[in-house]
Protein chains: 2
Amino acid sequence: MLLATEHSGSKNADAKAKQNEHSCPHNHAVSCLDCRMGKICLPVALKDSDIVELDEIVKRGRILQKGDHIFRAADAFSSVYAIRSGYVKTYRLTEDGEEQITGFYFPGEVVGMDGISKSKHQSSAKALESAAVCEIPFGQFQNLTLKMPHLQTHFFQLMSQEITEEQQLVTLLSKKNAEERIATFLLTISARNAARSMSATNFRLPMSRTEMGNFLGLTVETVSRTLSRFAKQHLIDLNQKEVSIVEVEKLRLTANLDS
Amino acid sequence: MLLATEHSGSKNADAKAKQNEHSCPHNHAVSCLDCRMGKICLPVALKDSDIVELDEIVKRGRILQKGDHIFRAADAFSSVYAIRSGYVKTYRLTEDGEEQITGFYFPGEVVGMDGISKSKHQSSAKALESAAVCEIPFGQFQNLTLKMPHLQTHFFQLMSQEITEEQQLVTLLSKKNAEERIATFLLTISARNAARSMSATNFRLPMSRTEMGNFLGLTVETVSRTLSRFAKQHLIDLNQKEVSIVEVEKLRLTANLDS
DNA sequence: CGGCCGGTTGACTAATTTCAAGCAGGGTGG
DNA sequence: CCACCCTGCTTGAAATTAGTCAACCGGCCG
């Protein structure tokens, strides 16, 4: 959902990937066993034979262009989706038709779990840039969990984490001012990148300023101004969507994360 | 969590209760089979024999005084809790020690699901007034779900709904102004009461103005002023914590729920 | 009785939004 | 190839909403 200080990631996620270099990261047909997302995604503490079974129900290799929907609010719910590459946003429409972004999702994360309760998706999911996702048909998946308690546990944990992350977002919206929100946001992205063995200090924001503001409960103008100010204060370097975090500690202070 | 326009409740929830009038609503030892919460809580689409099994693991009859905690953030997670009577709030502390209320919970609802992911509760739950809860040890419960697919499905749905409700709260905090937030809040409580066959128009707010403001991202003063204004405009009648909704439609308009 | 807490109300302040204008980059069509 | 336009972003100035500070009220408890 994007808003967690803790990394759920595993530093050695790519150890296994190295062992399987025959599977190119852009080979969308690669199996769960070889997937470079490793345990970030679903397969956790499963025997290889179990993973094979899981493999059989996962529909791999759905490719999305920027702006394509994975699913839309009110669509019948049948699957959850693991993001293999690219970035995705989820959003809902308010009563008066405005978009409210409820989360940004990174590779290895799972979207669509809010559709379970009413058998209908409650939000829409859309690719921020070209992306690839694995579809996990929920009915079959659920059957599998009955045979594989670890898999069930893992999915409970995924959902539970989603709840926790939404709660953090609630807290941010309720208590933090514009500066704190944006600093927190940047640090969150940084942490998530680190969890994926990507640079924690240099990265490209996959969303527009408008989307950032929408997610953080701010106007574009406020986002723009605040980022400019951070750059002027040399907390970050800013070049369009490219961000370098220069002064992590000061940024943490601005975010009000420690002290 | 409190913030859903839809009722998950069932109007005939008390039909069964009537059949079992030997079980007084204040008899905390009553079994799940007879519990007047009926399907609002967990037992859904289960055979009576299954309910008996569920019954065996549920620890009924924990009584709480106002201010007592059900669990605290950072406590080891071992159970989720169904509220049998009374009202409960959940909250987390921000980095600088302030309380952020993340939800108000009504009888029949379940708290503690955010503790699953890290085996530690991520929030605290506290009784707003005297209350009674049923403890559901999660490990045993999970074992049960492996044998009872319907029970598993129901729990997935509960968690999914929690996610949906947090998303609605996010939208409220991000997009609505003070008036809209408070009107929405009142209507939500009204709907939840209706779902429990209680009056949709006359009820007592179980929380203080401060707690309301905290939950809605507003100060006490703003809450107080806005409620006073609603009363002056005769949208509601207000007497301390007692509220009567006088003009539902106008209130809906103010909340920006239809149009 | 005094003090404290929760709630209300008023006056002032400050933060963010709103409105407005301008700029840069990318794509399209003449 | 250039002009034009559109979109996304930035920046400034004015407007507005909610927050802050402060005083006061009433009920409850020691």
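Numbered from 1 within each chain, the chains take letters A, B, ... in sequence-line order.
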Novice: Just the rounded figure in Å: distance from P of C:dT17 to CG of A:L216.
Specialist: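 Value for this atom pair: 11 Å.
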Novice: Can you measure A:L227 atom CG to D:dT10 atom P for me and round it to whole angstrom units?
Specialist: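 Rounding to the nearest Å, CG of A:L227 and P of D:dT10 are 7 Å apart.
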Novice: OP1, OP2 of C:dG6 versus side-chain N and O of B:S224: anything below 4.0 Å?
Specialist: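 For C:dG6, OP1/OP2 do not have a side-chain N/O of B:S224 under 4.0 Å.
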Novice: Establish, with yes or no, whether the OP1 or OP2 oxygen of D:dT10 is under 4.0 angstrom from a side-chain nitrogen or oxygen of A:R225.
Specialist: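 The answer is no; no side-chain N or O of A:R225 sits under 4.0 Å from OP1 or OP2.
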Novice: Consider the side chain of B:T219, meaning its heavy atoms from C-beta on, and name the nucleotide among D:dT10, D:dT20, D:dA18 that approaches it most closely.
Specialist: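 It is D:dT20.
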Novice: Are the side chain of B:E179 and the backbone N or O of B:A255 linked by a donor-acceptor pair below 3.5 Å?
Specialist: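 It does not hold such a pair.
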Novice: Kindly say if B:T222 contacts the phosphate of D:dT17, meaning a side-chain N or O under 4.0 Å from OP1 or OP2.
Specialist: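 Answer no for this pair, as no side-chain N or O of B:T222 is under 4.0 Å from OP1 or OP2.
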Novice: Can you measure B:K241 atom NZ to D:dG26 atom P for me and round it to whole angstrom units?
Specialist: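 So the NZ-P distance, B:K241 to D:dG26, works out to 19 Å.
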Novice: Is B:K250 atom NZ crowded by more than 12 heavy atoms from other residues, nucleotides or ligands, each under 6.0 Å away?
Specialist: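 Atom NZ in B:K250 is not packed in, count stays at 12 or less.
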Novice: Rounded to the Å, how far apart are B:K176 NZ and C:dT17 C1'?
Specialist: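 Whole-Å distance recorded here is 19 Å.
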Novice: Can you see which heavy atom on B:H234 is nearest to which on B:E247, and at what distance?
Specialist: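 For B:H234 and B:E247, the tightest heavy-atom pair comes out as O-CG, 3.4 Å.
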Novice: Answer with base, sugar-phosphate or nothing: what part of the nucleic acid does B:G217 contact at a heavy-atom distance below 4.0 Å?
Specialist: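 Sugar-phosphate contact only.
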Novice: To the nearest angstrom, how far is A:M212 atom CE from D:dC9 atom P?
Specialist: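 Roughly 10 Å, once rounded to whole Å.
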Novice: For A:F230 and D:dT11, what is the distance between atoms CZ and P respectively, to the nearest whole Å?
Specialist: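 Computing the A:F230:CZ to D:dT11:P distance gives 14 Å.
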Novice: Where the side chain of B:V220 is concerned, which of D:dA18, C:dT8, D:dT10 is the nearest nucleotide?
Specialist: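 Comparing D:dA18, C:dT8, D:dT10 against the side chain of B:V220, the answer is C:dT8.
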Novice: To the nearest angstrom, how far is B:R209 atom CZ from D:dG27 atom P?
Specialist: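 Going from B:R209 (CZ) to D:dG27 (P), I get 15 Å.
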Novice: Can you figure out which of D:dA18, C:dT9, C:dT18 approaches the side chain of B:N177 most closely?
Specialist: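 Per side-chain heavy atoms of B:N177, the pick is D:dA18.
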Novice: For D:dG8 and A:S208 - does any side-chain N or O of the residue sit under 4.0 Å from the phosphate oxygens OP1/OP2?
Specialist: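 So the side chain of A:S208 is outside the cut-off, no N or O lying under 4.0 Å from OP1 or OP2 of D:dG8.
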Novice: Just how far, in rounded Å, is P of D:dC24 from CD of B:E221?
Specialist: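 Distance, rounded to whole Å: 16 Å.
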Novice: For the residue pair B:Q122 and A:T164, confirm or rule out a side-chain donor-acceptor distance under 3.5 Å.
Specialist: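 No pair is found: no donor N or O on one side chain lies under 3.5 Å from an acceptor on the other.
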Novice: Tell me whether the count of non-hydrogen atoms from other residues, nucleotides or ligands lying under 6.0 Å of NZ in A:K241 goes above 12.
Specialist: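 Yes, NZ of A:K241 has more than 12 neighbouring heavy atoms, counting only those of other groups under 6.0 Å.
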